[in-house]
Amino acid sequence: MHSLRLASSAHSQSLFTMSAASASLALPSPLSSFRSNGPLPSRCFLRLNNPSRSRVFMSVSVGSQTVVDDALFADYKPTSAFLFPGQGAQAVGMGKEAQAVPAAAELYKKANNILGFDLLDVCINGPKEKLDSTVISQPAIYVTSLAAVELLRARDGGPQIIDSVDVTCGLSLGEYTALAFAGAFSFEDGLKLVKLRGEAMQEAADAAKSAMVSIIGLDSEKVQQLCDAANQEVDVADKVQIANYLCPGNYAVSGGLKGVEAVEAKAKSFKARMTVRLAVAGAFHTSFMDPAVSRLEAALAATQIRTPRIPVISNVDAQPHADPETIKKILARQVTSPVQWETTVKTLLTKGLKKSYELGPGKTALGQDSSSSLSRGIHSHWFEFCFGVMYQVIAGIVKRMDKSAEIENIGA
């Protein structure tokens, strides 16, 4: 016998037997999604943070298994978005501003217990080499990005901004941050996943000689042709592919070391403006990360994942997903799949996004000295030099794709 139940939000513990049409419920503040560890009664979701587009999301309980329509968010109409950065956004000094807000500072204390080391100390004091390691930078960015949300909450008008957000996404690692913000899992569970993800990706990178290189100044078709030309000269084990579709003119290629070297050697003949070897552990978002998948699958299977309360756009297919089991499969695939960030941003803008916020490590942590900023931009594909101004990567991409787009950085 199918049963339908109504829940006031992703974190309401009350069940109601009323018609959806007469339901009038108050939702909690969005960021309570990663403060709560309570279970989610996910059988029918009433979305009211934008009253003009309120609607009921239905799921069906069949025995002990809940089946959620994965296409529930397919017709989303974005107006305000939270965008979260990925690995490479870290810098010594990050997290310092967050200590002025108790709720943000508390996240670092919780993180210490889960990680087994003083994360805040590494964030603020470094050394840079330690902070830049995959196993530390990923948890550091996750925690600092969510701390930035708490900084926003503490400022005048911040709660209203948070309540207005109706879509979220993140670049690679940032997808986990976005899912935590949207209530798909708790802050603690998300951090455990991020910790394991960083460890698994580092181990996979250590198992083979691989690398990443950023190609500047070519469109995606030309970059693919460049990869094809390089692959003709190397063995299968050294093949390369586009791993990160950032924005027009900026794509990252991953693969075997010899394949990456072949790409670098041929890039000028394809009229690339420049190539930048990336300071990452290995060929992320390719089959070189296959060894990490089984570990991620096991961890995700043991994690309680709920239907997000707002759409979270996936890096794998640039689509929002509602079914928790599908989200688990998508996250496991993410480490070996190209990041579709260009399509994600283009879709948000096309659908009418009015305002977006990039939340992560603060601008002061990145340094305002022009020479250090330029150096940092050149040596990481997560940053780029756009329109004569050094933006953090997400703001830079949005501005590059639409100069009139409104985006604000919230740093911690």
Side-chain angles (χ1 to χ4, degrees), residues 10-11 29-35 40 47 49 72-73 76 78-89 107 138-150 152-153 161-194 197 244 300 303 305-324 326-328 330-335 337 339-341 343-345 347-348 351 353 355-361 382 392-395 397-398 407-410 412:
H11 299 284
S29 177
L31 208 54
S32 64
S33 59
F34 70 82
R35 287 175 175 170
L40 173 71
R47 179 168 174 262
N49 64 323
L72 288 175
F73 297 121
Y76 75 101
T79 58
S80 179
F82 272 4
L83 313 177
F84 296 100
Q87 188 175 347
L107 296 181
Q138 293 197 20
I141 294 163
Y142 171 87
V143 174
T144 302
S145 297
L146 291 175
V149 181
E150 291 294 356
L152 173 60
R153 186 193 302 283
I161 291 174
I162 293 171
D163 288 342
S164 73
V165 172
D166 51 13
V167 66
T168 183
C169 53
L171 183 58
S172 190
L173 159 71
E175 186 171 341
Y176 286 77
T177 318
L179 285 163
F181 171 74
F185 42 66
S186 68
F187 167 80
E188 291 85 353
D189 284 347
L191 182 57
K192 290 174 185 176
L193 289 172
V194 168
R197 181 181 187 266
N244 197 326
L300 288 162
T303 301
I305 294 186
R306 306 173 282 260
T307 297
R309 53 179 184 75
I310 58 175
V312 179
I313 313 304
S314 165
N315 281 262
V316 173
D317 59 8
Q319 297 293 326
H321 296 276
D323 175 39
T326 300
I327 292 172
K328 291 181 180 183
I330 286 284
L331 289 178
R333 287 175 53 198
Q334 192 219 50
V335 293
S337 300
V339 174
Q340 302 294 336
W341 192 250
T343 301
T344 295
V345 174
T347 301
L348 289 174
K351 281 179 170 284
L353 182 68
K355 177 73 182 281
S356 53
Y357 301 82
E358 178 181 6
L359 301 99
W382 307 120
Q392 285 185 281
V393 64
I394 291 175
I397 289 172
V398 173
I407 183 165
E408 179 180 348
N409 176 265
I410 309 295

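None of Tyr76, Phe181, Phe82 except one satisfies the side chain to side chain contact (heavy atoms under 4.5 Å, CB included) rule with Ile310; the exception is Phe181.
The side-chain heavy atoms of Gln334 and Tyr176, taken from C-beta on, include a pair separated by under 4.5 Å. Taking 4.5 Å as the limit, every side-chain heavy atom of Asn315 sits out of range of all side-chain heavy atoms of Ser337. Leu146 places a side-chain heavy atom less than 4.5 Å from the side chain of Thr177. Two residues are said to be in side-chain contact when any heavy atoms from C-beta on lie closer than 4.5 Å; Leu331 and Leu179 meet this criterion. At least one side-chain heavy atom of Ile313 sits under 4.5 Å from a side-chain heavy atom of Pro320.
Using modelled atom types, no side-chain atom of Ser356 and backbone atom of Ile407 make a donor-acceptor pair closer than 3.5 Å.
Summarising the geometry of Pro85 relative to Glu358, their closest heavy-atom pair is CB-OE2, 4.4 Å, with the distance given to 0.1 Å. Heavy-atom minimum distance, Ala89 versus Ile141: N-CD1, 4.0 Å. Across every non-hydrogen atom of Leu348 and Pro78, the tightest pair is O-CG, 3.9 Å. Taking both residues in full, the closest heavy atoms of Thr168 and Ala178 are given as OG1-CB, 3.5 Å, listed atom of the first, atom of the second, then distance. In plain terms, the two heavy atoms of Glu175 and Ile330 that are nearest each other are OE2-CG2, 4.0 Å. Across Val339 and Ser172, no two heavy atoms sit closer than the pair CG2-CB, 4.4 Å.
When only modelled atom types and interatomic distance are considered, Asp166 and Thr79 share a side-chain donor-acceptor pair under 3.5 Å.
For Thr144, the side-chain hydrogen bond (donor to acceptor under 3.5 Å, both in side chains) partners are Tyr108, not counting sequence neighbours. Remark: Lys328 engages Glu325 in a salt bridge (Lys or Arg N to Asp or Glu O under 4.0 Å) (not counting sequence neighbours).
Aromatic rings from Tyr142 and Phe84 are positioned such that their centres are separated by 6.0 Å or more.
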